[in-house]
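What you see below is based on every heavy atom in this structure, not just the backbone, and it leaves out hydrogens, waters and symmetry mates. This structure is a prediction, so every number in the text was calculated from the model and none was measured. Labels below follow one simple rule: chain letters A, B, ... track the order of the sequence lines, proteins then strands, and each chain is numbered from 1.
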There are 2 protein chains.
Amino acid sequence: MLTDAFPFTRHDHARCLKRLLGRADEMCARAGVRLTKLRRAVLRAVAGSHRAIGAYDIIDAMERDGQKPAPISVYRALDFLVTQGLVHKIESRNAFVACCHGEHAGDAVLMICEDCGVVAEMDAGAELTALNARAERHGFHARHAVTELSGICGACCGDV
Amino acid sequence: MLTDAFPFTRHDHARCLKRLLGRADEMCARAGVRLTKLRRAVLRAVAGSHRAIGAYDIIDAMERDGQKPAPISVYRALDFLVTQGLVHKIESRNAFVACCHGEHAGDAVLMICEDCGVVAEMDAGAELTALNARAERHGFHARHAVTELSGICGACCGDV
DNA sequence: CAAATTTTTGTTATATTATAACAATGTTGA
DNA sequence: TCAACATTGTTATAATATAACAAAAATTTG
């Protein structure tokens with residue numbers, strides 16, 4: 001079993017978070033966009049766990065850190081972060097999760113554990129390509145794919 | 001190109017709708033569940049076009065037919081219809097579309113035209129199986145897949 | 001550097017989507 | 001017919017998301 005997609009028991013999240021924020025700084029610098037204080041704080045809140053978090057829960061989390069932005073501010077920041085590929089929106093949950101990958105080959109495929117709530121992502125370039133090819137046979141030219149699997153992760157299944 | 005997924009120019013929608021409602025009657029009878037007047041009216045509204053329709057637009061459509069159910073009633077009916085596989089929820093749009101297929105091999109794959117708004121579905125059993133297999137390699141046991149492709153349909157591309 | 005321009009954020013209000021709680025009605029089967 | 005269950009109605013509210021415009025901060029330009 002591949003052990004990189006899901007964060008497991010020994011996972012040192014403080015380090016994980018630090019790395020993620022560092023990478024975000026780099027990526028934004030390279031892209032010539034600004035990871036402002038607000039945007040970084042929203043990203044920090046989203047990346048606070050590997051579970052899906054809703055916009056209003058982000059506000060609650062930020063309030064605990066002494067900052068309470070208005071919903072629109074959070075949505076604007078999320079919009080930026082999603083555009084930059086730093087955060088994924090989970091359409092089937094109306095919630096968000098930080099991207100743990102460097103870069104994606106294409107659209108992310110999310111795996112959502114129904115038990116513990118942890119969300120992992122994987123590259124599934126070949127499978128998405130096959131899906132697009134299938135769509136083409138119906139005359140459809142796909143530009144984006146929303147692919148969200150819900151099920152049970154290895155940890156919750158006792159496989160780990 | 002396969003021409004069954006998307007409803008094209010010559011499409012006789014009155015006939016299409018009638019067939020769909022008839023099939024719904026049969027399927028519910030076979031399943032031993034009740035396609036009540038309300039549920040059938042909601043299905044009729046959803047199946048009124050091949051575009052995604054939101055719950056509140058369903059209410060508006062039904063109001064034009066002299067019936068104005070409360071939101072909760074529509075959501076309850078939609079819940080029933082989705083459970084029976086007669087309607088698909090489009091997670092990426094918070095909207096609904098009637099199922100045009102008899103039965104699905106597995107989860108439906110939706111193709112949403114960004115231009116005309118028409119939503120078509122296809123069976124993509126093999127591709128979804130491949131996706132699940134890929135997830136298994138990460139220790140994830142998928143139970144449901146939300147797969148929504150957005151792009152441009154053949155008609156809007158001038159391919160037809 | 002200062003003024004002009006653009007981007008970002010704040011503020012206030014509101015739109016859109018979805019559900020809770022309980023009463024009333026309809027359906028089924030003994 | 002009555003009891004049990006399923007469905008719908010009624011009222012209220014929760015949860016998610018955006019609009020419009022003002023203020024502040026950053027960037028560019030002269």
Side-chain angles (χ1 to χ4, degrees), chain A residues 24-25 28-29 31-46 51-63 65-84 86-97 112 117 119 146 148, chain B residues 24-25 28-29 31-46 51-63 65-84 86-97 112 117 119 146 148:
Chain A
D25 287 328
C28 287
V33 296
R34 298 198 300 139
L35 187 61
T36 62
K37 196 177 156 192
L38 174 69
R39 289 166 176 171
R40 205 164 191 277
V42 170
L43 177 57
R44 186 201 311 279
V46 175
R51 294 188 171 77
I53 186 171
Y56 285 77
D57 290 330
I58 293 172
I59 294 175
D60 292 346
M62 290 176 74
E63 189 177 12
D65 292 344
Q67 184 182 12
K68 188 178 180 177
I72 182 72
S73 292
V74 169
Y75 278 105
R76 283 193 287 223
L78 286 169
D79 191 57
F80 170 88
L81 294 167
V82 168
T83 299
Q84 299 305 318
L86 296 168
V87 162
H88 300 298
K89 176 162 192 186
I90 306 174
E91 298 288 353
S92 59
R93 303 275 174 119
N94 295 320
F96 301 85
V97 73
I112 306 158
V119 180
V146 170
E148 300 172 4
Chain B
D25 288 328
C28 287
V33 296
R34 299 196 302 139
L35 187 61
T36 62
K37 196 178 158 192
L38 175 69
R39 290 166 175 172
R40 204 166 191 277
V42 169
L43 177 58
R44 188 201 309 280
V46 174
R51 293 187 173 76
I53 185 170
Y56 285 78
D57 289 330
I58 292 172
I59 295 175
D60 292 345
M62 290 175 75
E63 189 176 13
D65 292 345
Q67 186 182 10
K68 187 179 180 176
I72 183 72
S73 293
V74 170
Y75 278 104
R76 283 193 286 225
L78 286 169
D79 191 57
F80 170 88
L81 295 167
V82 168
T83 299
Q84 299 305 317
L86 296 168
V87 162
H88 299 298
K89 176 161 191 186
I90 306 174
E91 298 288 353
S92 59
R93 303 275 175 120
N94 296 318
F96 302 85
V97 73
I112 307 157
V119 180
V146 169
E148 300 173 5

Chemist: Rounded to whole Å, please give me the gap between NZ in Lys37(B) and P in dT27(C).
Modeler: 11 Å
Chemist: Select one nucleotide: of dA18(C), dT11(D), dC22(C), the one nearest the side-chain heavy atoms of Phe96(B).
Modeler: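 Closest nucleotide among those given: dA18(C).
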Chemist: Reading DNA chain D from 5' onward, which residue's closest nucleotide shows up sooner: Pro71(B) or Ser73(A)?
Modeler: Pro71(B)
Chemist: Think Asn94(B) has a side-chain N or O under 4.0 angstrom from the OP1 or OP2 of dT16(C)?
Modeler: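 So the side-chain polar atoms of Asn94(B) never come under 4.0 Å of the phosphate oxygens OP1 or OP2 of dT16(C).
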Chemist: Return the CZ to CZ distance between Arg39(B) and Arg34(B), rounded to the nearest 0.5 Å.
Modeler: 7.0 Å
Chemist: I'd like to know if Tyr56(B) reaches the base of dA18(C) with its side chain such that a donor and an acceptor end up less than 3.5 angstrom apart.
Modeler: yes
Chemist: Would you kindly give the CZ-to-C1' distance between Arg93(A) and dA15(D), to the nearest whole Å?
Modeler: 16 Å
Chemist: Would one find a side-chain N or O of Arg39(A) under 4.0 angstrom from OP1 or OP2 of dT9(C)?
Modeler: yes
Chemist: Salt bridge or not between Asp25(A) and Arg40(A)? Use side-chain N to carboxylate O under 4.0 Å.
Modeler: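 Answer for the salt bridge query: yes.
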Chemist: Rounding to an integer number of Å, can you tell me how far Phe80(A) CZ sits from dA26(D) P?
Modeler: 15 Å
Chemist: Do Ile58(B) and Pro69(B) have side chains that approach each other closer than 4.5 Å (heavy atoms only, starting at C-beta)?
Modeler: no
Chemist: Are Thr36(A) and dA25(D) close enough that a side-chain N or O sits under 4.0 Å from OP1 or OP2?
Modeler: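 Thr36(A) to dA25(D) OP1/OP2: no side-chain N or O under 4.0 Å.
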Chemist: What is the distance, rounded to the nearest whole Å, between atom CD1 of Ile90(B) and atom P of dT17(C)?
Modeler: 13 Å
Chemist: What is the nucleic acid contact for Ile72(B), judged by heavy atoms within less than 4.0 Å: base, sugar-phosphate only, or nothing?
Modeler: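 It contacts base atoms.
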Chemist: Rounded to whole Å, please give me the gap between CD in Gln84(A) and P in dT7(C).
Modeler: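 Computing the Gln84(A):CD to dT7(C):P distance gives 14 Å.
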Chemist: For Arg34(B), which contact category applies under a 4.0 Å heavy-atom criterion: base, sugar-phosphate, or nothing?
Modeler: sugar-phosphate
Chemist: Could you state the CG-C1' distance from Leu35(A) to dA25(D), rounded to the nearest angstrom?
Modeler: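 It works out to 16 Å between those atoms.
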Chemist: Nearest whole angstrom, please: distance from the P of dA24(D) to the CG of Leu38(A).
Modeler: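 It is 17 Å, rounded to the nearest whole Å.
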Chemist: Less than 4.5 Å apart, any side-chain heavy atom of Phe96(A) and any of Ile90(A)?
Modeler: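 Side chain of Phe96(A) against side chain of Ile90(A), heavy atoms only: no contact under 4.5 Å found.
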Chemist: Under a 3.5 Å distance rule, please check whether Gln84(B) uses its side chain to pair with a backbone N or O of Cys28(B) as donor and acceptor.
Modeler: no
Chemist: Could you tell me whether Ala55(B) contacts a base, only the sugar-phosphate backbone, or nothing, with contacts defined as non-hydrogen atoms closer than 4.0 Å?
Modeler: nothing
Chemist: Between dA18(C), dA17(D), dA21(C), which one does the side chain of Tyr75(B) approach most closely?
Modeler: dA18(C)
Chemist: Would you say a side-chain N or O of Lys89(B) is under 4.0 Å from OP1 or OP2 of dA18(C)?
Modeler: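 Yes, within the criterion.
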Chemist: Mind calculating the distance between CD1 (Ile59(B)) and P (dG9(D)) to the nearest angstrom?
Modeler: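 From Ile59(B) CD1 to dG9(D) P: 12 Å.
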